[in-house]
Chemist: 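One structure, pasted below without further comment.
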Amino acid sequence: DAWYGLSMNLARFEAADVACLEQAFTRADLPPRAHYLLGFAFAKALENRGDYAKAFEVFGLANAAQRASIELTWGVAEEHRFVDSIWGVFANNVSKAPDADSGKEAILIVGIPRSGSTLVEQILASHPAVEGANEIKDMPAIIATETHRRGSEFPLWVPDATALDWQRLGQEYLTRTAHWRRHKPSFTDKNLMNWHLVGAVLAMLPAAHVIIVRRDPVETCLACYRHCFTEDAGFSCNLDDVADYYGEFWRLTRFWLEKYPARVFDLEYEALVADPERVIRRVLDFCGLPFDPACLDFHKTQRAVLTPSAAQVRRPLHRGTARSARYGDKLDHLRRRLRDVGV
């Protein structure tokens, strides 16, 4: 855990560290968790030393070890069917809460891990009118409870939900999240998995703001593959699975943008890095917030950040985050898979 923590917090490993990690990683008596954590740390140490060929090999071993030791809760066939069902339901007219201003306090940030969502939340939470709530679970919990109450899977019960049902669910969400508005009028909800629920969110809270954060697909998939997630992100252990997951994310989020153009904002990470002030002004305007210079100095904002990107958002914005070119043709298969799934 210590080695892995160092690798996550931008540590620079020396040659002796790399040798130590290699020796530890190749031990035969390690528990599974220690084995794959050391693997991810060793691979990142190899990256530090510029040995990307060996790093790619070790990432493969570490991911295979992790996948073998966790209960995989994700499958591409199930994900595809789920996205199909969401698309099919919300392509039709769905009732919504009658109060058109309901949810104007809420800014939901959705995306795939390692795409820049923590950075976007840090920027918004630097605004004097916005509280950053991190990855809260209130929205999925409300949908799960309603699903259980109706005895029907989401989104199959959606066509039966009335405007008053959505109003009730929206009010429950605002009540559950009220403590995030004790000191500031607006708040961010950065539960990335809410990308499945955008249609339900906007039925409950017609005035909510949804920001879809996306990054170059090859960079995103590589970044997920380089990170040791919990079983909730089991898709990250295999590059084919990551490509499939990105494909479903792309398919559904493009639908949300077309369906709700006034309520959903498409934020490209690379555009934010290239021209921060222009993009930040657009995001704030979308959220109904005046520009504030503190959003440009987000790295100075003191708040708890509870994601693996905590160290990065303590530094000024920089452009040197792309890694895929360093891996060259080792990512050609990933590029083909992304093309195959329509990205």
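What you see below is based on every heavy atom in this structure, not just the backbone, and it leaves out hydrogens, waters and symmetry mates. Throughout, numbering of the chain's residues begins at 1 and tracks the sequence.
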Chemist: Hey, does the side chain of Thr177 reach the backbone of Tyr173 with a donor-acceptor pair shorter than 3.5 angstrom?
Modeler: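 Judged by distance alone, yes, a pair lies under 3.5 Å.
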
Chemist: Taking the six-membered ring for Trp, are Trp250 and Trp256 ring centroids under 6.0 Å apart?
Modeler: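 Ring centres of Trp256 and Trp250 not closer than 6.0 Å.
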
Chemist: Examine distances only and state if a side-chain atom of Asn92 and a backbone atom of Gly88 form a donor-acceptor pair shorter than 3.5 Å.
Modeler: yes

Chemist: Assert yes or no for the condition that the ring centre distance of Tyr246 to Phe249 is strictly below 6.0 Å.
Modeler: yes

Chemist: With a 6.0 Å cut-off on ring centres, are Trp195 and Tyr245 close enough?
Modeler: yes

Chemist: Checking the side chain of Glu105 only, and the main-chain atoms of Phe187 only, is there a donor and an acceptor separated by less than 3.5 Å?
Modeler: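 A pair under 3.5 Å: no.
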
Chemist: Using modelled atom types and a 3.5 Å cut-off, is there a donor and acceptor pairing between side-chain atoms of Arg181 and backbone atoms of Leu174?
Modeler: yes

Chemist: Heavy atoms, side chains only, cut-off 4.5 Å: are Phe42 and Val18 in contact?
Modeler: yes

Chemist: Mark yes or no for whether Trp180, through its side chain, and Thr188, through its backbone, hold a donor-acceptor pair below 3.5 Å.
Modeler: no

Chemist: Give a yes or no answer on whether the side chain of Asp285 reaches the backbone of Arg281 with a donor-acceptor pair at less than 3.5 Å.
Modeler: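 Judged by distance alone, no pair lies under 3.5 Å.
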
Chemist: Mark yes or no for whether Gln66, through its side chain, and Tyr36, through its backbone, hold a donor-acceptor pair below 3.5 Å.
Modeler: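 Looks like no, no N/O pair under 3.5 Å.
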
Chemist: Check each of Val279, Ile109, Ile212 against Leu267 using the side-chain contact (heavy atoms from CB on, under 4.5 Å) test, and report the only one that passes.
Modeler: Val279

Chemist: Can you tell which of Asp165, Thr145, Asp160 makes a side chain to side chain donor-acceptor pair (under 3.5 Å) with Arg150?
Modeler: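 The passing option is Asp165.
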
Chemist: Answer yes or no: are there more than 12 heavy-atom neighbours, outside Arg168 itself, under 6.0 Å from its atom CZ?
Modeler: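 Check passes, neighbour count above 12.
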
Chemist: Any side-chain heavy atom of Val264 sitting closer than 4.5 Å to one from Thr253?
Modeler: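 A side-chain contact is absent here, since even the closest heavy-atom pair is not under 4.5 Å.
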
Chemist: If you draw a 6.0 Å radius around CD in Glu258, do more than 12 non-hydrogen atoms from other residues or ligands fall strictly inside?
Modeler: no

Chemist: Between the main-chain N or O of Leu205 and the side-chain N or O of Ser102, is there a donor-acceptor pair closer than 3.5 Å?
Modeler: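 Such a contact is absent between Ser102 side chain and Leu205 backbone.
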
Chemist: Kindly say whether Ala207 contributes a backbone atom to a donor-acceptor pair with the side chain of Arg263 at under 3.5 angstrom?
Modeler: yes

Chemist: Taking the side chain as everything from C-beta on, heavy atoms only, tell me whether His127 gets closer than 4.5 Å to Pro290.
Modeler: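 Yes. Closest side-chain heavy atoms under 4.5 Å.
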
Chemist: Check the pair Arg12 / Asp17 against salt bridge (charged side-chain N to carboxylate O under 4.0 Å, His left out), numbers first and verdict last.
Modeler: CA-CA 9 Å; Arg12 297 294 301 177; Asp17 299 321; over 6 Å; no

Chemist: Please walk me through it: do Arg251 and Glu248 pass salt bridge (charged side-chain N to carboxylate O under 4.0 Å, His left out)?
Modeler: CA-CA 5 Å; Arg251 187 162 68 101; Glu248 296 303 325; 2.6 Å; yes

Chemist: Report the relative orientation of the aromatic rings in Phe154 and Phe82; use parallel for angles under 30°, tilted for 30 to 60°, perpendicular for over 60°.
Modeler: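 Phe154 vs Phe82 ring planes: perpendicular.
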
Chemist: Can you tell whether the side chains of Asp1 and Arg33 come within less than 4.0 Å, N to carboxylate O?
Modeler: yes

Chemist: Would a line drawn from the ring center of Trp87 to the ring center of Phe90 be shorter than 6.0 Å?
Modeler: no

Chemist: Take Arg67 and Asn238 through the side-chain contact (heavy atoms from CB on, under 4.5 Å) test and state the conclusion after the steps.
Modeler: CA-CA 9 Å; Arg67 187 166 188 166; Asn238 178 284; 3.0 Å; yes

Chemist: With a 4.5 Å heavy-atom cut-off, do Val242 and Arg337 have their side chains touching?
Modeler: no

Chemist: With a 4.5 Å cut-off on side-chain heavy atoms, are Ile107 and Asp189 touching?
Modeler: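 Asp189 does not reach Ile107 side chain to side chain.
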
Chemist: What is the distance from atom OG of Ser152 to atom CD of Glu146, rounded to the nearest 0.5 Å?
Modeler: 10.5 Å

Chemist: Check the pair Gln167, Lys96 against side-chain contact (heavy atoms from CB on, under 4.5 Å), reporting the backbone distance first and the verdict last.
Modeler: CA-CA 7 Å; Gln167 183 180 44; Lys96 63 180 179 180; over 6 Å; no

Chemist: Could you grab the distance from atom CZ of Arg336 to atom CG of Leu338, nearest 0.5 Å is fine?
Modeler: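 Arg336 atom CZ to Leu338 atom CG measures 11.5 Å (nearest 0.5 Å).
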
Chemist: Using only atom types and a distance under 3.5 Å, with no angle test, would you say the side chain of Arg182 pairs donor to acceptor with the backbone of His179?
Modeler: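 Yes, Arg182 side chain to His179 backbone: donor-acceptor pair under 3.5 Å.
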
Chemist: Parallel, tilted or perpendicular, judged at 30° and 60°: which one describes the rings of Phe286 and Phe265?
Modeler: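 It falls in the tilted class, 30° to 60°.
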
